[in-house]
Amino acid sequence: MVSVLVADNKDIIEIFKPNTNNCTKIKLGKKYSFKVTCVSCLIQQGADSPKIYTLDGSTIIMYKNYYTSEEDQNICIK
C-alpha cells in the first residue's frame with residue numbers, strides 16, 4: 001500500500017507501507033522528519049517534465065518536488 005503526503009511547501013512524499021498492523025500516528029499540521037530521496041531531482045536537467053501527481057486517476061496534485069521515503073513506514077492519520 002502507498003500513502004501520499006503533501007508538505008506545507010507543496011512537496012509530494014510517497015510512502016510505501018509494510019504489511020503490519022502497527023502504525024506511527026501523525027497529526028495533521030505538525031512537523032515530522034524522516035529520510036527521503038528526491039525522485040524529481042533524478043530527472044535529467046533540460047528534460048521538461050510536468051510537476052503533476054495523479055492520484056487514483058481522478059485527483060490531480062501540483063507539486064514543487066517529488067520524494068519517496070527511504071524506508072517503508074506505516075503511518076496513520078490521527
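These numbers come from the heavy atoms of this one structure, side chains and all, not from hydrogens, waters or symmetry mates. From a predicted model like this one, the values you see are computed outputs, not experimental measurements.
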Shortest non-hydrogen contact from E71 toward S69: O-OG, 2.9 Å

Residue set satisfying side chain to side chain contact (heavy atoms under 4.5 Å, CB included) with T59, at least two apart, ordered chain then number -> L55, I61

Listed pairs under 3.5 Å, donor-acceptor, residues 7-14 side chains, sequence neighbours left out:
residue, atom, partner, partner atom, Å
N9, OD1, D11, N, 3.3
N9, ND2, D11, OD2, 3.0
D11, OD1, N65, N, 3.1
E14, OE1, Y66, OH, 2.6
E14, OE2, Y53, OH, 2.9
E14, OE2, Y66, OH, 3.4

Atom pair NZ/OG of K64 and S40 - distance to nearest 0.5 Å: 10.5 Å

Contacts of K35 that satisfy side chain to side chain contact (heavy atoms under 4.5 Å, CB included) - sequence neighbours left out: E70

Quick check for you: to the nearest 0.5 Å, what is the distance between I15 atom CD1 and Y67 atom OH? 13.5 Å

Show your reasoning for whether side chain to side chain contact (heavy atoms under 4.5 Å, CB included) applies to T68 and F16. CA-CA 8 Å; T68 187; F16 293 89; 3.6 Å; yes

Test of understanding: with side chain to side chain donor-acceptor pair (under 3.5 Å), list the residues that count as partners of N74, not counting sequence neighbours. T20

How would you list, by chain and number, every residue that makes a side chain to side chain contact (heavy atoms under 4.5 Å, CB included) with I60, sequence neighbours excluded? I52, T54

